[in-house]
Amino acid sequence: MIALHYIEEGAPFPPVDSALEDPNGLLAFGADLSPARLFSAYSQGIFPWFSDEEPLLWWSPDPRAIIELNDFVASKSLKKLARKQKYTVTLNHAFDRVIDACSSIPRKSQNTGELCNDTWITDDMIDAYRSLNGLGLAHSVEVWKGDSLVGGLYGVGIGKVYCGESMFHRESNTSKLAMLALVEHMKSHDMAFIDCQLPTEHLSSLGATVVSREVFIEKLENNNQTLTEEGRLSEDYLNRWKPRVITP
């Protein structure tokens, strides 16, 4: 039995340092997936993660996995693939198709570790992130082979930080190509780092490292210039995420 904070409608999140150690980072449950709630969450280093049969759960793990842009590891084969210009990579051209593709990927069961058909990207999550995308806060990277979508990723932009959510590939290395293109784009627009949330072997192979939650929150706050004083998305932010081709 664990005591978990319940967030009533309109109530703020509890402090992230009150998150549980086991399961790591579980902070609270309740509230909703409105754009305002999601923006508030990501701005504080909090993200939703739950399955259909669970209540809406909010997390802020410690430690946190991030990719510093200069630490991204592009293998020789990935660099070779990029040089071939076999694919076209775009930014914010097909968000709906990317999140649909990510939601169809089999996931590992949290209980058994085996692949299953369940996904944490529920219909409610899809609707919520589509709404964020419509407001200019959620962003996708697409990899195309002709007119076919063969890879991509999506996440949320907070200031100069990209909070990655999920990626997919339909041809070898196309999700990694999307990541490479994103990193190069972020470098060219003086952005800071990619939040990977939880460390995995795959992310470590791409250069992800772990930092304490305290360090992560400090780095996020130092790069959290998203809105103007009037509450609108800043011109710098809008320019970073304007739809374009970003083939590396």
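Computed from a prediction, not measured in an experiment: that's the story for all the values here.
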Does [X] belong to the same Ile/Leu/Val/Met/Phe/Trp/Tyr cluster as [Y], with side-chain heavy atoms less than 4.5 Å apart forming each link?
X      : Y      : result
Val245 : Tyr162 : no
Phe72  : Leu91  : yes
Leu135 : Leu238 : no
Phe47  : Val98  : yes
Tyr6   : Leu33  : yes

Would you check if [X] and [Y] make a side-chain contact, meaning some heavy-atom pair closer than 4.5 Å?
X      : Y      : answer
Leu233 : Leu227 : yes
Leu27  : Ser18  : yes
Val161 : Asn224 : no
Leu149 : Arg170 : yes
Thr226 : Ser43  : no
Arg37  : Glu9   : no
Phe168 : Ser103 : no
Pro35  : Leu137 : no

Smallest separation among heavy atoms of [X] and [Y], with atom names:
X      : Y      : answer
Ile194 : Met179 : CD1-SD, 3.7 Å
Leu153 : Ser175 : CD2-O, 4.4 Å
Pro61  : Gln197 : CG-O, 4.0 Å
Ser205 : Val73  : O-CB, 3.6 Å
Val210 : Pro63  : CB-CB, 4.0 Å
Ala178 : Gly152 : CB-CA, 4.1 Å

How many angstroms lie between atom [atom1] of [X] and atom [atom2] of [Y], to the nearest 0.5 angstrom?
X      : Y      : atom1 : atom2 : value
Lys84  : Lys79  : NZ    : NZ    : 16.0 Å
Phe193 : Leu69  : CZ    : CG    : 9.5 Å
Asp236 : Thr228 : CG    : OG1   : 11.5 Å
Leu20  : Ser60  : CG    : OG    : 11.5 Å
His189 : Lys242 : NE2   : NZ    : 7.5 Å
Leu4   : Leu26  : CG    : CG    : 4.5 Å

Subject >> Residues which pass side-chain hydrogen bond (donor to acceptor under 3.5 Å, both in side chains) with Glu8, listed by chain and number, not counting sequence neighbours >> reply: none
Original post:
Who pairs with Tyr154 by side-chain hydrogen bond (donor to acceptor under 3.5 Å, both in side chains), at least two apart in sequence or on another chain?
Top reply: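 If we apply the side-chain hydrogen bond (donor to acceptor under 3.5 Å, both in side chains) test to Tyr154, skipping adjacent residues, there are no hits.
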**OP:** Please report the C-alpha distance between Tyr87 and Thr247 in whole Å, then the side-chain angles of each, then the deciding distance to 0.1 Å, and finally whether the side chain to side chain contact (heavy atoms under 4.5 Å, CB included) criterion is met.
**Re:** CA-CA 8 Å; Tyr87 303 103; Thr247 303; over 6 Å; no
For [X] and [Y], indicate whether the former's side chain and the latter's backbone hold a donor-acceptor pair under 3.5 Å.
X      : Y      : value
Trp241 : Ser140 : no
Arg213 : Ala19  : no
Arg240 : Asp190 : no
Ser51  : Glu53  : no
Asn222 : Glu218 : yes
Gln85  : Pro248 : yes

Subject >> Side-chain ion pair, Lys145 and Glu171, N-O less than 4.0 Å >> reply: yes
Subject >> Steps toward side chain to side chain contact (heavy atoms under 4.5 Å, CB included) verdict (Met167, His202) >> reply: CA-CA 12 Å; Met167 61 176 66; His202 173 65; 4.0 Å; yes
Original post:
Between Tyr129 and Tyr42, how do the two ring planes meet: parallel, tilted or perpendicular, split at 30° and 60°?
Top reply: perpendicular
**OP:** Look at the aromatic rings of His139 and Tyr237 and report parallel, tilted or perpendicular, splitting at 30° and 60°.
**Re:** tilted
**OP:** Start with the C-alpha gap between Leu180 and Leu78, add the side-chain angles, then the distance that decides, and say whether side chain to side chain contact (heavy atoms under 4.5 Å, CB included) holds.
**Re:** CA-CA 9 Å; Leu180 173 62; Leu78 181 57; 4.2 Å; yes
**OP:** Sequence neighbours left out, what passes side-chain contact (heavy atoms from CB on, under 4.5 Å) with Ser212? Give chain and number order.
**Re:**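 Residues passing side-chain contact (heavy atoms from CB on, under 4.5 Å) with Ser212: Asp62, Glu214, Val215.
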**OP:** Test side chain to side chain contact (heavy atoms under 4.5 Å, CB included) on Asn133 and Arg130 and set out the steps.
**Re:** CA-CA 5 Å; Asn133 173 252; Arg130 282 177 173 169; 5.5 Å; no
Heavy-atom neighbours of [X] [atom1] exceed 12 at 6.0 Å:
X      : atom1 : result
Lys80  : NZ    : no
Asp123 : CG    : no
Glu229 : CD    : no

Original post:
Per the ring pair (Phe, Tyr, Trp, His ring centres under 6.0 Å) rule, which among Phe50, Trp49, Phe29 passes with Trp59?
Top reply: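 Among Phe50, Trp49, Phe29, the one meeting ring pair (Phe, Tyr, Trp, His ring centres under 6.0 Å) with Trp59 is Trp49.
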